[in-house]
Amino acid sequence: MANGNRRPLAPVRKIIAAVLGTVALFVILFGLGMTSLAIVALGVALLVLAIGLVAVNAVPGTAHVQSVSEPPPSSAYGRCELQIIIDAPGLPARMVKVRDPRVPVAKWPDVGATLPIMVAIDDPRHVRILWDDVMTHAEAAGAVDEDLGGDPLRDEPDVEWRRPGF
């Protein structure tokens with residue numbers, strides 16, 4: 001069974017989804033036979049859960065850059081090799097090597113940067129960095145200036161200095 005990303009689902013997820021779908025169908029028919037809407041609703045909820053096991057393939061997360069290759073000096077895009085630590089809900093932290101063939105040089109990551117990613121649930125080695133959500137270096141510098149509120153030395157209120165005892 002393949003999903004939209006053309007990656008095969010793990011056999012365990014297929015089996016669990018099939019068993020859960022069968023149980024859901026049984027509960028729905030059982031509830032209809034008893035004319036109990038609560039039992040039918042439980043069966044529908046189980047069916048939605050079974051479909052979700054097949055449909056949901058990746059989760060959002062963050063990647064912490066440990067090492068990165070140098071950007072190309074004369075082009076807008078380049079091939080980037082990254083060593084990242086994945087941080088995604090429900091998955092253990094893991095170091096992964098990513099090779100991205102088309103990274104904008106304006107968004108080239110630095111060591112220690114945090115990047116938004118999508119991680120495959122079945123195999124955390126399959127990572128896609130969301131470059132559209134990464135700020136350029138100019139945008140990041142502008143955001144830092146706005147957070148600081150300008151020049152802290154010029155914006156400081158006038159303070160009257162007095163020596164103690166006078």
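- Leu20 and Phe30 fall within a single hydrophobic cluster, where Ile, Leu, Val, Met, Phe, Trp and Tyr side chains are chained together by heavy-atom contacts under 4.5 Å.
- Considering NE2 of His126 and CD1 of Ile86, their distance stands at 10.5 Å, rounded to 0.5 Å.
- Residues Thr114 and His64 approach most closely at OG1-ND1, 3.3 Å, considering heavy atoms.
- Closest of all the heavy-atom pairs between Val68 and Cys80 is CG2-SG, 3.6 Å.
- Residues Leu115 and Trp131 form a side-chain contact, since some pair of their non-hydrogen atoms from C-beta on lies under 4.5 Å apart.
- Between Asp110 and Val65, the closest side-chain pair of non-hydrogen atoms is not below 4.5 Å.
- The side chain to side chain contact (heavy atoms under 4.5 Å, CB included) with Val23 is formed by just one residue from the set Leu47, Leu46, Ile28; it is Leu46.
- Closest heavy-atom contact between Ala88 and Val59: CB-CG2, 4.1 Å.
- Using a 4.5 Å cut-off between side-chain heavy atoms of Ile, Leu, Val, Met, Phe, Trp and Tyr, with links allowed through other members, Val48 and Val19 fall into different hydrophobic clusters.
- Note on Val111: it clusters hydrophobically with Val103, by side-chain heavy-atom contacts below 4.5 Å among ILVMFWY residues.
- Under a 3.5 Å cut-off, the side chain of Lys97 and the backbone N or O of Leu82 do not form any donor-acceptor pair.
- Both Leu91 and Val98 are assigned to one and the same hydrophobic cluster, defined by single-linkage of ILVMFWY side chains at heavy-atom distances under 4.5 Å.
- Shown here are the side-chain contact (heavy atoms from CB on, under 4.5 Å) partners of Ile16, two or more places apart in sequence or in another chain: Val12, Leu53.
- Between Ile39 and Gly31, the shortest heavy-atom contact is CG2-CA, 3.6 Å.
- Remark: the backbone N or O of Glu81 is paired with a side-chain donor or acceptor of Ser69 at under 3.5 angstrom.
- Met118 is not connected to Val134 by any chain of hydrophobic side-chain contacts under 4.5 Å among Ile, Leu, Val, Met, Phe, Trp and Tyr, and they are in different clusters.
- Between Gly43 and Ala24, the shortest heavy-atom contact is O-CB, 3.4 Å.
- Considering OG1 of Thr62 and CG of Leu130, their distance stands at 11.0 Å, rounded to 0.5 Å.
- Taking CD1 from Ile85 and CD from Gln66, the interatomic distance works out to 3.5 Å, rounded to the nearest 0.5 Å.
- Crowding of Arg125 atom CZ: a count of heavy atoms from other residues, nucleotides or ligands under 6.0 Å not exceeding 12.
- Heavy-atom minimum distance, Pro72 versus Gly78: CG-CA, 3.7 Å.
- Residues Val105 and Tyr77 form no side-chain contact, since every pair of their non-hydrogen atoms from C-beta on lies 4.5 Å or further apart.
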